[in-house]
Structure formats: C-alpha cells, structure tokens
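The sequence lines fix the lettering, A, B, ..., with proteins before strands; numbering per chain opens at 1.
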Number of protein chains: 2
Amino acid sequence: MDAHSPSSSNESPWLPFESRRRARDEKREAVLRTAVALFLEQGYHRATLNDVAKRLNITKPALYNYFRGKDEILYECWSIGNELVDECIAETSAGGGSGLYKLRKLTVRYAELMTADYGKSLVRFDIRDLSEDNRKIVQTAKRRIDRAFRDYIAQGVADGSVKPCDPKLAAFAIAGSLNWIGHWFQPGGELSGRAVAEEFAIRLTEGIAKTTTQTTSTRKTTALEKADKPPRKGNASREETSEHHTRTAARAAGQSKRARSRLR
Amino acid sequence: MDAHSPSSSNESPWLPFESRRRARDEKREAVLRTAVALFLEQGYHRATLNDVAKRLNITKPALYNYFRGKDEILYECWSIGNELVDECIAETSAGGGSGLYKLRKLTVRYAELMTADYGKSLVRFDIRDLSEDNRKIVQTAKRRIDRAFRDYIAQGVADGSVKPCDPKLAAFAIAGSLNWIGHWFQPGGELSGRAVAEEFAIRLTEGIAKTTTQTTSTRKTTALEKADKPPRKGNASREETSEHHTRTAARAAGQSKRARSRLR
DNA sequence: ACTATTCATTACCCATGGGTAATATACGGG
DNA sequence: CCCGTATATTACCCATGGGTAATGAATAGT
C-alpha cells in the first residue's frame, strides 16, 4: 500500500515527514467520511462523538487531535460539500454556452451531488449548530450558490434561451427541488444518482426553456445534448491553489482550507 | 370573553364542565402554537421545554399536564400540519376536474401551507425524534401525501391533461420544490405566502402540462383559471368526525385526535 | 541509546435538560 | 364548610454527552 518504507536511511529525508503529514490528512478525512455518514443516518444531535470514534476503532479523545470539537467536524463536512459545489459553478461559468445550457449543466451536477454524502450535508445539516463565524461563512456560501442559479436564469432570459420569468422564484423552485433530493435519495434504490440527476435536469428546466425538449422518459442520452451551445471541451482552467499545511505545535489548529485532494 | 359566569346556581350544570374542557383545550393548543414556533426558530434540540414554558409564562412541569413529553409535543405539532394537508387532499380529490387541475389545486394549497408554522413542521422536523409508534404514523402519512401527488399526475397522463412522464419522479420534483418552501420562506418578506403559492403552482406544473400557460409573471389571476375543468364549487362534503374528548383521571392521556377546532 | 513529538488511551469533570415527586392553590359540588 | 379534582409551583433526580487532564506507547531525529 505505502511506497515509503523507512529502509534507506538518508536520501530524501523529506519523505518521512511528508508521509507523516499524508497519513495525518488521511486520518482526518477518514474521520470526516465517518462523521458525515453518521450525522446523516442518525442526525447530528443523536450521533455522538463516541459513535464516530467507535466506528473508526478509536476513542473519543483521539478525535480532538484533528478537530477542535463536534461543531468543527460538522463544519468541515459541510465545507467539503461546498467545495464540490464551488467546482461545479466554476466549471459551469468557465465553460461557455447559453444561459439555459449553463443552468442545465449546473442542475445536473448539483443534482448528482445531492445523491452523495458530502452533497447532502449541504442541505441536511442545520446551520445553527455551527459557531458564529462558521455560520456566517456558510450563509455567504449559500447565497453564492443561489446567485449562480439566478444568474444563469437571468442570462438565459437575456440571451433568449429561457422564457421570461422571475429569476429569483425560478431559482428557488429549481434549487428547492434539487435540494430535496438530498432528503429522499438513498443509494441502492432503483435509480442511480446519475439517472436522477439527468431526469431532474430535464424536468426542472423544460418548464422555463424556450426550446421544448422531448420528454419521453425512454431517452438514454444526456440531459445536455439539446442545449443550444455545447462548449469546446478540454482544458477547463484547472486552478490548483496548492494550499500548504502550516502545521505547527498547536493541536488541531483551525485549518479550514484542507489540501485539495480527491475527496469522496 | 367568557359568557359563562357562575352566578345562576342551577340551570345548565354541564356548562361549567364544558367550559373547563374548552379552557383546557385552548391551553393545550397554546402550548402547541408556542412550541411549533420555538422548534422552528431554534430547532427541536436547541429549544428546551423551559423555553417553551417561559414563553407561556408557566414552568416546565406544567407542560406535563397536557403532554407526556417533549417528543409528544413534537408529534402533535406535526399532526396538526398533517391534518391540514389531509384536508387539502380530501377537498381536492372530492372536487372534480382533470388530473392537471387537481395537481394544481393541491400544489397551491400545499405551497401555502408550507409558508405557515404547522405546515413547515411537516418538513422541518426530524422523524427520528419521535417515538417508534408515532414515527410509523408519520411515515405512513408521508407516503399518503406522496401518493396523492403521484395519483393526480398519473390521472393527468391518463386523461391527457398532463404530458406523458414518470409520475414518481415528477411528484418528487414538484413536492420537493414545495417542501423546500418550508425551509426558506419567512413571513414579512416581499412576497406573501399566497403569492408564492400561486407562482409555484404555475411554475411547477407548466413543465408537464399539455396546455401551456402564459408565464408572463405580470398576470394577476389565480393559478387555477386555465385548468381544463373547473369543478362545480359549493358543498365539498364536509365530513365532521366530531371526535370527543374522553378525558378521565389519567393525566395527559394519549389523545392524538384533538378536537377539530380552527387551529392556526 | 536518548529525547522530543505525535497520537492514542483511561479516567474524569460538569453543564444541560428531560422528566418526576412533593406540595401549594383555586374551584366546583355536596 | 369541607372534600376531591385540576393545575400549577418548587425542588430535585440523573442519564447523556461534549470536553479535558493525566498518562502511556510508538516513532523520528540526533
């Protein structure tokens, strides 16, 4: 599994340190994966830190090596989900296309996020369980997501791909329906997350689209095929911020910007 | 306020008893009104029974004269909301009309419910906070609501008022959007509950309706005007079950069927 | 080998809050 | 006038669970 055995004594003295740091981050993420799953299946208040620890084969105080407290764990779970959404928005905004095209693209991706744990955490967790500071961050982020939907709709109205409507209410209607997926979707059902996402993307946007899509429900192509401007796909401006851990003595310092690894 | 002063000694010995019972029910409902408001604004777990009592100018143990415990209060709040929904469904099913008409009727009413406290309790409260028995009741009721949406859609597909689609997914999409209203709507905003309901009814059904409604958003007529079969309005089969209190010695017996007074 | 750091454990603290017991007050009926 | 019922209060119990202190076992670096 690990490629760094401590056999060769000198040569690359950084690796042990790096591998330690990596191991630590992996454990941190394991805590979050376990926590988000447990918070979702039992609810934040019913799930105890003992439960989380037990599922990881450790004890409660060990968790405090990685997090300041329960609410910080909650926040970090939410934060991962938020990063995933931010990526969706960034990619959608970066790629071109009509307002309708962007709206559908975001809808598909967002819907699929709602079928996975970290996505669900965005809509199932209660903002009031967070600290004052984190709560403000979350509120701001929520507004940003709402803005994305509204902007795409407004853009679609402007460029003619979307029927004239109130972007605010339309965004509420679409996002609400998507958010609700996070409440009812259970993996293992008859529908895969992807299938639900595709279906919802069509259903939710056909009402306001100028170009009426055929909804025969037996279609097997992607939800985006009919959008009026497929963008050139390829390099989508992968900005890699390469945030570095400044881990010093302070145990479990507030490191809300975790290394951008392939989570989930 | 009360018309029953104890001056005249005999004549109508029932009244004092009746008035006591009425007073009791009013207090019970006052508790529920306060509780639902508090549970919504603070969340069930953060809101304590002391908070509820304090807001009523009483103390915590006094609540136990009316309810067995916190979870029962939660259940009763939910139950009132559920009764309101049941009335909507009953009236909608009783009145005639096409599938689309019924779907829109239910959508409008349900949306408006979501803008009020007892309606919100249907979607904001966590089923896992209830006792085993009550949880089963709630789950059954939720399925019944879902069934209503699906039935109307399927009926619409059958009678040609709704485009062919998967009733299950369409119902999820519509109900999800409506349920989400209970999460974001705050009275006192720029939009009234009724306005939101009307707008959503149009927006959510126009995607699957065969008869495309004009969505100019400057329209001021009701959401139902274009439906293809306005039913004869009038006596809508008011079944009054006339449930009676069997209040005996047992303090706060399980009286999940409260007197059907004008709540809210 | 020696030492410092990391990370986990056991044992504990204690605020919170749902729920109960004992008790006081008001009131209707005989 | 007294009693039973209903309803409220004060004072308390105690299980729960987040969080901490003291401590022990690995491991890296010199």
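- Applying the salt bridge (Lys or Arg N to Asp or Glu O under 4.0 Å) test to pairs two or more places apart or on separate chains, those with a residue in residues 34-58 of chain B are Asp126(A)-Arg46(B), Asp129(A)-Arg46(B), Glu41(B)-Arg55(B).
- Between the Lys120(A) side chain and the Phe185(A) main chain, a donor and an acceptor come within less than 3.5 Å of each other.
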Anything under 3.5 Å between a protein N or O and an N or O of nucleotides 12-19 of chain D, put it in a table, one pair a line.
residue, atom, partner, partner atom, Å
dG18(D), OP1, Lys70(A), NZ, 2.9
dG18(D), OP2, Leu49(A), N, 2.9
dG18(D), N7, Lys60(A), NZ, 2.8
dG19(D), OP2, Tyr64(A), OH, 2.9
dG19(D), OP2, Lys70(A), N, 2.9
dG19(D), O5', Tyr64(A), OH, 3.3
dG19(D), N7, Lys60(A), NZ, 3.0
dG19(D), O6, Lys60(A), NZ, 2.7

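- In this structure, Leu32(B) and Phe67(B) have side chains that are in contact, with non-hydrogen atoms separated by less than 4.5 Å.
- The side chain of Arg24(B) contributes no N or O atom lying less than 4.0 Å from OP1 or OP2 of dA6(D).
- Atom pair Leu63(A):CG and dT9(C):P shows a separation of 9 Å (rounding to whole Å applied).
- Considering only side-chain N and O atoms, Thr59(A) lies under 4.0 angstrom from the phosphate OP1 or OP2 of dT9(C).
- A salt bridge is defined here as a Lys NZ or Arg NE, NH1 or NH2 lying under 4.0 Å from an Asp or Glu carboxylate O, and Arg135(A) with Glu132(A) meets this definition.
- Contact annotation: the side chain of Leu178(A) approaches that of Ile181(A) to within less than 4.5 Å [non-hydrogen atoms, C-beta and beyond].
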Report task. Given side-chain contact (heavy atoms from CB on, under 4.5 Å), test Asn134(A) with Trp78(A) step by step and report yes or no. Result -> CA-CA 10 Å; Asn134(A) 287 339; Trp78(A) 173 89; over 6 Å; no

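- Residues from residues 125-137 of chain B placing a heavy atom under 4.0 Å of any atom in DNA chain C do not occur.
- Applying the side-chain hydrogen bond (donor to acceptor under 3.5 Å, both in side chains) test to pairs two or more places apart or on separate chains, those with a residue in residues 171-180 of chain A are Tyr110(A)-Asn179(A).
- Between the CZ atom of Arg28(A) and the P atom of dT6(C) there is a distance of 16 Å, given to the nearest Å.
- The side-chain hydrogen bond (donor to acceptor under 3.5 Å, both in side chains) test applied to Arg150(B) returns Asp146(B), not counting sequence neighbours.
- Look at NZ on Lys54(B): it is 13 Å from P on dT9(D), rounded to the nearest Å.
- A salt bridge links Asp86(A) and Arg144(A); the closest N-O separation between the charged side-chain nitrogens and carboxylate oxygens is under 4.0 Å.
- A rotation axis mapping the C1' atoms of four pairs onto the next four is fitted at both ends of the helix from dA1(C)-dT30(D) to dG30(C)-dC1(D) over five pairs, and the angle between these axes is 0° to 10 degrees.
- With Cys88(A) as the fixed residue, the side-chain contact (heavy atoms from CB on, under 4.5 Å) test singles out one of Leu106(A), Val108(A), Thr107(A): Leu106(A).
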